[in-house]
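As structure tokens, the structure follows; a few thoughts come after it.
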Amino acid sequence: MKIAILGGGISGVALARMLAADGHRVVVLEKSDRAGGLCKSRRYGEFTFDEAGGHIVFSKDQKVLDWQLARCGGEAGTVRTVRNTKIRWHDRWVPYPFENGVGHLTKEAIVECVAGYVEAFVQRRGGAPCPANFGDWIQWRMGEGFARQFMVPYNEKIWKCDLHTMASSWVAGRVPEAPIEDILKSAVGLDTEGYVHQSVFWFPKHGGFEAMVHGAVAGGGFELQCGVAVTRVERRGDKFFVDGTEFDLVVNTVPLPQIESAFAEIPPDIRADIRALKPISLINLMIGVKLDEPLPPLSWIYLPFPEQGPTNRVTYFSNYSPHNAPAGHGSFLAEVTHRGELRPDAEWLRSVIAALGRSGILHPEHVVLSEWCNNEYAYIYQDLAFADRIARVRDWWDHSGYITFGRFGRYEYHNSDQCVQRAMQVHEHIREISKSGAAARPKFR
Ligand SMILES: Cc1cc2nc3c(=O)[nH]c(=O)nc-3n(C[C@H](O)[C@H](O)[C@H](O)COP(=O)(O)OP(=O)(O)OC[C@H]3O[C@@H](n4cnc5c(N)ncnc54)[C@H](O)[C@@H]3O)c2cc1C
């Protein structure tokens with residue numbers, strides 16, 4: 001078949017590579033000057049930075065992990081790191097996840113957190129139902145102390161809203177759930193480890209996270225057209241037309257609100273649903289510093305409190321690969337979320353870096369480079385109407401004859417490994433279509 005893939009992020013190029021290997025003629029149409037989407041990296045002199053905050057290679061699925069590592073040049077092309085993540089809790093460094101690090105708080109805070117956790121545990125055992133909103137879910141799952149000491153300030157910083165307006169359904173599998181034994185152990189000083197599927201990760205030695213995208217494109221056997229913003233997609237009988245060119249099948253991976261106007265057939269109610277799918281945007285600060293001594297061996301840290309500035313997470317990026325910064329230098333990525341209103345200027349950059357200085361993360365006078373990059377579509381804002389809205393939207397696409405997937409192409413809140421996993425499923429689905437004939441077009445879910 002002749003297949004058009006809209007969007008050349010990791011979802012688009014991964015699928016293109018798989019389909020081309022089956023002998024299909026595949027064209028990837030990408031708006032930007034190069035493939036990569038949220039996985040892009042960029043260089044400033046001898047510094048390399050990721051554009052959308054710190055990205056790591058990891059997966060719960062070995063087949064997907066192998067696929068990703070192979071695109072990055074395997075073990076030889078990557079640096080393997082044992083994750084070391086912390087929360088900057090006032091003047092202390094607390095291991096992440098917070099529940100596993102509770103023993104590192106002040107004695108008063110330990111008692112507050114453990115008492116609240118036990119209370120919440122008892123309530124749940126007594127049948128307290130899982131709340132539908134995220135604000136109440138935090139209290140229900142973690143208790144009062146964990147909520148006040150970390151979960152509420154941290155999440156308010158990322159999501160920029162009253163947490164009661166957000167759904168709780170998305171947290172399953174994302175916010176780590178520690179067993180009560182782990183919390184009690186940590187409280188009395190016995191270290192425990194949480195979030196173990198991510199305890200080791202990889203990163204490309206050269207070129208930043210984007211190296212994985214290059215590895216998917218190189219020798220992929222498909223055509224990549226960059227600088228092409230798709231504006232018109234339509235179906236005529238059994239054929240599809242993308243800006244006038246005929247295809248047998250069209251797969252979308254572009255964020256739905258950015259592509260909806262190109263699809264003539266979308267009915268008005270579904271169009272309204274798509275337009276209501278608001279993203280959370282991300283300003284990523286790329287900071288280069290001169291070093292007197294090596295950076296502490298941290299992977300990334302969380303900054304929950306307003307007095308630490310607007311940054312919610314800092315990646316110790318030169319720790320991911322020695323080639324991310326020149327000799328004698330280090331680099332950080334500082335992530336600041338917003339809802340479309342933030343326009344950084346030099347004064348704002350200085351104030352963010354000053355706050356990182358006050359939080360004991362860097363010395364502002366050692367900064368030799370500070371740049372920023374805005375990512376409009378970074379996180380999915382899941383309000384209480386999100387689940388019904390996205391179900392209607394997906395249902396329309398899944399009956400349309402088109403296929404749509406990707407972090408914002410299906411609003412599934414996926415990391416790149418899950419995008420690759422989804423690409424594998426779409427690949428299988430298209431194998432079915434080629435067997436049964438394009439006209440039958442079984443439904444993708
Ligand atoms: C802060 C942050 C940290 C993350 N950390 C990790 C991590 O550590 N590990 C990990 O695996 N994942 C991580 N992720 C997730 C990862 O970045 C995404 O899952 C993945 O990059 C999404 O890929 P995609 O192809 O689905 O979408 P995108 O990357 O958004 O690609 C969509 C593409 O469509 C293009 N496009 C837009 N409009 C048009 C048009 N009209 N015509 C043609 N093309 C168009 C865009 O230019 C873009 O290239 C992180 C994400 C964020 C925001």
Side-chain angles (χ1 to χ4, degrees), residues 4-16 27-41 50-61 64-65 67-69 71-72 81 83 85 158 174 198 201-204 208-210 212-213 216-217 224-233 242-243 250-263 279-285 299-300 311-315 317 320 333-337 373-380 404-423 426:
I5 297 180
L6 316 186
I10 189 65
S11 298
V13 296
L15 177 65
V27 183
V28 175
L29 301 162
E30 165 56 46
K31 179 171 85 171
S32 152
D33 62 347
R34 63 190 200 281
L38 285 169
C39 295
K40 278 194 211 156
S41 310
D50 283 353
E51 290 191 358
H55 276 60
I56 57 171
V57 181
F58 76 99
S59 186
K60 290 178 188 169
D61 181 327
V64 171
L65 181 61
W67 188 96
Q68 291 200 300
L69 286 174
R71 304 289 81 77
C72 300
T81 302
R83 188 199 67 198
T85 47
I158 287 218
R174 278 208 166 252
Q198 218 189 46
F201 66 86
W202 290 260
F203 193 81
F209 200 75
E210 189 179 319
M212 184 169 72
V213 176
V217 173
L224 171 64
Q225 293 182 13
C226 292
V228 179
V230 172
T231 56
R232 184 82 187 163
V233 186
V242 179
D243 291 327
V250 175
V251 181
N252 175 60
T253 69
V254 174
L256 291 174
Q258 291 188 317
I259 200 73
E260 134 306 286
S261 63
F263 283 79
I280 303 281
S281 306
L282 174 81
I283 300 274
N284 178 40
L285 259 75
S299 308
W300 65 87
T311 307
N312 64 70
R313 187 171 83 127
V314 173
T315 298
F317 196 58
Y320 283 13
L333 304 173
E335 294 168 26
V336 179
T337 53
C373 176
N374 188 38
N375 300 273
E376 187 185 355
Y377 284 79
Y379 291 106
I380 295 174
T404 192
F405 82 109
R407 183 167 167 112
F408 291 98
R410 204 175 172 84
Y411 271 73
E412 287 187 316
Y413 208 169
H414 281 164
N415 276 324
S416 75
D417 62 312
Q418 294 161 303
C419 293
V420 171
Q421 194 174 44
R422 264 317 214 172
V426 175

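Just so you know, these numbers come straight off a predicted model, no measurement behind them. Atoms within a ligand are numbered from 1 in the order they appear, just like the ligands themselves.
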Between [X] and ligand 1, which residue portion shows a heavy-atom distance shorter than 4.0 Å: side chain, backbone, both, or neither?
{"X": "A52", "value": "backbone"}
{"X": "L282", "value": "side chain"}
{"X": "N375", "value": "neither"}
{"X": "H414", "value": "backbone"}
{"X": "Y379", "value": "side chain"}
{"X": "Q418", "value": "neither"}

Can you tell me the protein heavy atom closest to [atom] and the distance?
{"atom": "atom 27 (O) of ligand 1", "value": "T253 O, 4.4 Å"}
{"atom": "atom 23 (O) of ligand 1", "value": "I10 CG2, 3.5 Å"}
{"atom": "atom 28 (P) of ligand 1", "value": "L38 N, 4.0 Å"}
{"atom": "atom 16 (C) of ligand 1", "value": "H55 NE2, 3.6 Å"}
{"atom": "atom 46 (C) of ligand 1", "value": "E30 OE2, 3.5 Å"}
{"atom": "atom 37 (C) of ligand 1", "value": "V254 CG1, 3.4 Å"}
{"atom": "atom 42 (N) of ligand 1", "value": "V230 N, 3.0 Å"}
{"atom": "atom 9 (N) of ligand 1", "value": "I56 O, 2.9 Å"}

What closest approach, in Å, do [X] and [Y] show between heavy atoms, and which atom pair accounts for it?
{"X": "F405", "Y": "R410", "value": "CA-CB, 3.7 Å"}
{"X": "V64", "Y": "D417", "value": "CG1-O, 3.2 Å"}
{"X": "T81", "Y": "S299", "value": "CG2-OG, 4.3 Å"}
{"X": "C419", "Y": "S11", "value": "CB-OG, 3.3 Å"}

Check ligand 1 against [X] and write out every atom of the ligand that is under 4.0 Å from a heavy-atom position of the residue.
{"X": "A378", "value": "53 (C)"}
{"X": "V228", "value": "42 (N), 43 (C)"}
{"X": "A229", "value": "42 (N)"}
{"X": "C39", "value": "21 (O)"}
{"X": "G37", "value": "29 (O), 48 (C), 49 (O)"}
{"X": "G406", "value": "26 (O)"}
{"X": "E335", "value": "1 (C)"}
{"X": "D417", "value": "11 (O)"}

Tell me whether [X] has any N or O atom under 3.5 angstrom from an N or O of ligand 1.
{"X": "R313", "result": "no"}
{"X": "L6", "result": "no"}
{"X": "N415", "result": "yes"}

Within the distance-only criterion (no hydrogens, no angle test), does the side chain of [X] pair as donor or acceptor with the backbone N or O of [Y] below 3.5 angstrom?
{"X": "S59", "Y": "D61", "result": "yes"}
{"X": "D33", "Y": "G227", "result": "no"}
{"X": "D50", "Y": "A52", "result": "no"}
{"X": "S41", "Y": "E210", "result": "yes"}
{"X": "R313", "Y": "G54", "result": "yes"}
{"X": "N284", "Y": "N375", "result": "no"}
{"X": "T253", "Y": "G7", "result": "yes"}

Practice task
Check if G54 has a non-hydrogen atom at a distance under 4.0 Å from any atom of ligand 1.
Solution key: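 Distance cut 4.0 Å: G54 passes for ligand 1.
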
Exercise for the section: Work out whether the distance between some heavy atom of C419 and some atom of ligand 1 is less than 4.0 Å. Expected result: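 Yes, C419 has heavy atoms under 4.0 Å from ligand 1.
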
Exercise for the section: Among W202, F209, F203, find the residue that satisfies the ring-ring contact (aromatic ring centres under 6.0 Å, His included) test when tested with H55. Expected result: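 For H55, the ring-ring contact (aromatic ring centres under 6.0 Å, His included) test succeeds with only one of W202, F209, F203, which is F209.
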
Practice task
Would you please indicate if the ring centroids of F201 and Y320 are separated by under 6.0 Å?
Solution key: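 Centroid distance F201-Y320: below 6.0 Å, so yes.
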
Exercise for the section: Taking the side chain as every heavy atom from C-beta outward, state whether F263 and T404 have any pair of such atoms under 4.5 Å apart. Expected result: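 Heavy-atom side-chain distance check fails, nothing below 4.5 Å.
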
Handout entry: From the candidates G7, S416, S11, the one that places a heavy atom nearest atom 12 (N) of ligand 1
Key =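 Heavy atom nearest to atom 12 (N) of ligand 1 belongs to S416.
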
Handout entry: From R407, Q418, R422, residue fulfilling side chain to side chain donor-acceptor pair (under 3.5 Å) relative to E412
Key =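 With E412 as partner, side chain to side chain donor-acceptor pair (under 3.5 Å) holds for just one option, R422.
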
Practice task
Apply salt bridge (Lys or Arg N to Asp or Glu O under 4.0 Å) to the pair K40 and E30, showing each step before the final yes or no.
Solution key: CA-CA 13 Å; K40 278 194 211 156; E30 165 56 46; 5.4 Å; no

